[in-house]
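Note sheet for the following structure.
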Amino acid sequence: MTSTRQPADFGTFDVVIVGAGSAGCVLANRLSADPGRRVLLIEAGKSDNHPWVHIPVGYLFAIGNPRLDWGFKTEPVPGLNGRSLLYPRGKVLGGCSSINGMIYMRGQAQDYDGWRDAGNPGWGWSDVLPLFRRSEHHFGAADEAHGTTGELRVEPQRLRWAILDEVAKAAEAMGIPRARDFNAGDNEGVGYFPVNQKRGIRWNARKAFLDPARRRPNLAILTECHVQRLCLDGRRVTGVVFSRGDSLFEAKARQDVVLSAGAIGSPQILELSGIGRPDILKRIGIPLVHALPGVGENLQDHLQIRTIFSVTGAKTLNDRAATLHGKAGIALQYALTQSGPMAMAPSQLGIFTRSGPAHNRANIEYHVQPLSLDAFGQPLHRTPALTVSVCNLRPASRGSSHAASADPQAAPSIQPNYLSTEADRIVAADSIRHARRLMTQSPLAPYRPVEIRPGPGPEDDDALARLAGEIGTTIFHPVGTAKMGSDADAVVDGDLKVRGLDGLRIADCSIMPTIVSGNTHAPAVMIGERAAERIAAASH
């Protein structure tokens, strides 16, 4: 339960940042660049000095590892036929950027224009593009879309798979164009994903943003410190209480406390502090301090439908890693050149396209992998196969994430409500049909693909939606639980200030009103840039 002990005074800072993930690391860097501003960054996890963080293929072993992952689980999800999913979130310096897929993807220009048009001025594509460019160290030449002087490395992958080249040709045979650039505002097309790596090694937010700043005397970085609650004086947030081992401390903030604990962590901290829906707070025994009905609501996530096809006559990671000789060759290749399978992002080939003619822009994303397994953390299958995952980029389903207890150490209650709308069930059914059509295109005929998951069966919408519920899983993109806006359910305004309170902002993916049409790490970095910009402007 919440401690009643009196916390020791940890000192006063100008800004206290909770969470050293993608956005939090950006904030710490940008705000501490002013030597007159004292900044405290608090992270619940440990240092990222673990080999599976830095070797790209280590994501297979980082997810589910309690040293690196909070290890959350969802509530049983009706749309997934009552299944509960593992719900990985980074519990380590760098946050999810230390265990994610390293894919650098901004989404589509219309995503951000939609935010702007929904009552969030300053968040349109033309407004946020300079923020993306500011942090980016792109492998190509600087241009209107890309920056080359930022801290976040964006590089091409250091491997190719012949079978993935054939999948790309199959996509082209369906009329999907080759993608010149997934990140220029329209990501429709097929190509290899750009990744956050530096010469075959993961480039997480700690390396990008904390390392250049960590020697600044005005920046303090704490690890293994768990924030218990916010401190309030009337309507002003004045600091945070956090535990370190058996000790309890209070850190005060002159200007702002910024929650960057993610779409699961930030609403939980708000609720533990008495900020949120009155019925939720009453249920967990927390006195109401400030009613905000949108806290923990509006959860959105990309559900990936992981179809699997066996192939013949093609090399995949399954068969390369099936023998000791193969494993030794993979390890030697990485040791000598930082390339090959150990340099793999979880997904190598991307396809953004439309699941049907009703959509006026790409509404599904493929993550194609030259491997297959039952679930992350499980062994690879031993025979050659491809995982052809498809996700609905803009799901209509909405879920929630709430504190389940007054105990700050207790896991929250996460209910994504996947496939809870008819629109999402139709896209799921169309996605399975689309994957099947892709794998029957002539460039893949020599490899004789055979669908092994979900496997042949009825092809009507209801049956395919049920199959999607059997094999669907999170692709680790929760957003929206402290959404930005001006409506009754908005939690923050366009400056990321929590509505109705002073001295408190939120800067992470929880502020997204609607999910972006792609992976979420790059947008989280952008949100950190915008928050730092607004905080710095307010201090002058």
Side-chain angles (χ1 to χ4, degrees), residues 21-23 63-64 69-90 95-97 99-101 103 105 107-108 111 114-115 261-268 294-306 346-347 352 355 363-367 375-376 389-402 411-421 423-425 427-428 431 465 468-484 491 508-524 527:
S22 301
I63 288 175
D69 178 2
W70 282 97
F72 296 143
K73 292 185 69 175
T74 71
E75 301 297 325
V77 182
L80 302 188
N81 306 328
R83 290 187 298 128
S84 175
L85 299 182
L86 295 176
Y87 215 68
R89 298 281 84 200
C96 290
S97 77
I99 67 170
N100 71 357
I103 293 170
M105 194 63 54
Q108 298 168 4
D111 300 332
W115 294 4
I264 306 303
S266 287
Q268 183 178 25
V295 170
E297 298 295 310
N298 193 47
L299 175 63
Q300 299 155 63
D301 189 14
H302 289 141
L303 178 74
Q304 62 171 332
I305 301 169
R306 298 181 65 249
S347 300
F352 290 84
S355 62
N363 74 303
I364 57 173
E365 176 185 7
Y366 279 85
H367 292 76
F376 289 106
S389 289
V390 197
C391 73
N392 179 356
L393 287 170
R394 292 182 296 279
S397 299
R398 298 292 184 266
S400 64
S401 179
H402 291 293
S413 173
I414 304 168
Q415 176 50 270
N417 277 337
Y418 299 118
L419 301 179
S420 60
T421 69
D424 286 356
R425 290 190 289 272
V427 172
S431 295
E470 288 178 11
I471 66 173
T473 188
T474 177
I475 205 164
F476 322 124
H477 297 163
V479 309
T481 51
K483 78 168 189 173
M484 174 173 58
V491 175
D508 54 35
C509 286
S510 69
I511 66 95
M512 291 187 184
T514 50
I515 196 166
V516 293
S517 302
N519 309 68
T520 52
H521 169 57
I527 290 165

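Quick note: residue numbers are just sequence positions, from 1. No hydrogens, no waters, no symmetry mates; every other heavy atom, side chains included, goes into these values.
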Open item on the list: Test your reading of the model: is there a side-chain donor-acceptor pair from H302 to the backbone of L393, 3.5 Å cut-off?
Closed with: yes
TODO: Drop me the distance from M484's CE to N298's CG, to the nearest 0.5 angstrom.
DONE: 11.5 Å
Open item on the list: Test your reading of the model: is there a side-chain donor-acceptor pair from S266 to the backbone of A261, 3.5 Å cut-off?
Closed with: yes
Task: Donor-acceptor contact below 3.5 Å, side chain D508 vs main chain A23 - done: no
Task: Side chain proximity check, R394 to T514, heavy atoms < 4.5 angstrom - done: no
TODO: For residues Y87 and P416, determine if any side-chain heavy atom of one lies less than 4.5 Å from a side-chain heavy atom of the other.
DONE: yes
TODO: Without swapping roles, check the side chain of D69 against the backbone of R89 for a donor-acceptor pair under 3.5 Å.
DONE: yes
Open item on the list: Under a 3.5 Å distance rule, please check whether S84 uses its side chain to pair with a backbone N or O of T74 as donor and acceptor.
Closed with: yes
Open item on the list: Please report the interatomic distance CE(M512) to CG(D111), rounded to the nearest 0.5 Å.
Closed with: 9.0 Å
Task: Distance in Å, S401 OG paired with E297 CD, rounded so as to fall on 0.5 Å steps - done: 10.0 Å
TODO: Evaluate side-chain contact (heavy atoms from CB on, under 4.5 Å) for I103 paired with S347, printing each intermediate quantity in order.
DONE: CA-CA 8 Å; I103 293 170; S347 300; 4.2 Å; yes
Task: Least distance between heavy atoms, S413 atom then E75 atom - done: OG-OE2, 3.1 Å
Open item on the list: What I want to check is whether the side chains of D301 and Y418 have a donor and an acceptor closer together than 3.5 Å.
Closed with: yes
- [ ] Supply the atom-to-atom distance F476 CZ to T520 OG1, rounded to the nearest 0.5 angstrom.
- [x] 11.0 Å
Task: Atom pair CH2/CD1 of W115 and I511 - distance to nearest 0.5 Å - done: 5.0 Å
TODO: Over all heavy atoms of both residues, which pair between A396 and D424 is shortest? Give the atoms and the distance, please.
DONE: N-OD1, 2.8 Å
Open item on the list: Please check: side-chain N/O of R425 versus main-chain N/O of L419, any donor-acceptor pairing under 3.5 Å?
Closed with: yes
Task: Side-chain donor-acceptor contact under 3.5 Å, Q415 with S400 - done: no
- [ ] Would you check, one step at a time, whether the test side-chain hydrogen bond (donor to acceptor under 3.5 Å, both in side chains) holds for S397 with N417?
- [x] CA-CA 6 Å; S397 299; N417 277 337; over 6 Å; no
Task: Side-chain H-bond candidate by donor/acceptor type, H521 with S97, under 3.5 Å - done: no
Open item on the list: Would the distance check show the side chain of R83 and the main-chain N or O of G472 forming a donor-acceptor pair, the cut-off being under 3.5 Å?
Closed with: yes
TODO: Determine the minimum heavy-atom distance between G469 and N81, stating which atoms define it.
DONE: C-ND2, 3.6 Å
- [ ] Would you check if the side chain of Q304 reaches a backbone N or O of T474 as a donor-acceptor pair within less than 3.5 Å?
- [x] yes
- [ ] Considering non-hydrogen atoms only, spot the tightest contact between A411 and F72 and give its length.
- [x] CB-CD2, 4.0 Å
Open item on the list: Is there a side-chain contact between E365 and I475 in this structure, where contact means two heavy atoms from C-beta onward sitting under 4.5 Å apart?
Closed with: no
TODO: For the pair Q300 (side chain) and I515 (backbone), establish whether a donor and an acceptor sit closer than 3.5 Å, ignoring hydrogens and angles.
DONE: yes
Task: Shortest non-hydrogen separation from A524 to S22 and the atoms involved - done: CB-CB, 3.9 Å
Open item on the list: Testing the basics here: between A263 and P478, what is the closest heavy-atom pair and its distance to 0.1 Å?
Closed with: CB-O, 3.4 Å
TODO: Taking the side chain as every heavy atom from C-beta outward, state whether C391 and H477 have any atom pair closer than 4.5 Å.
DONE: no
Task: From CG (N392) to CD1 (I364), nearest 0.5 Å - done: 8.5 Å
- [ ] Measure from the side-chain N and O atoms of R398 to the backbone N and O of S420, and report whether any donor-acceptor pair falls under 3.5 Å.
- [x] no
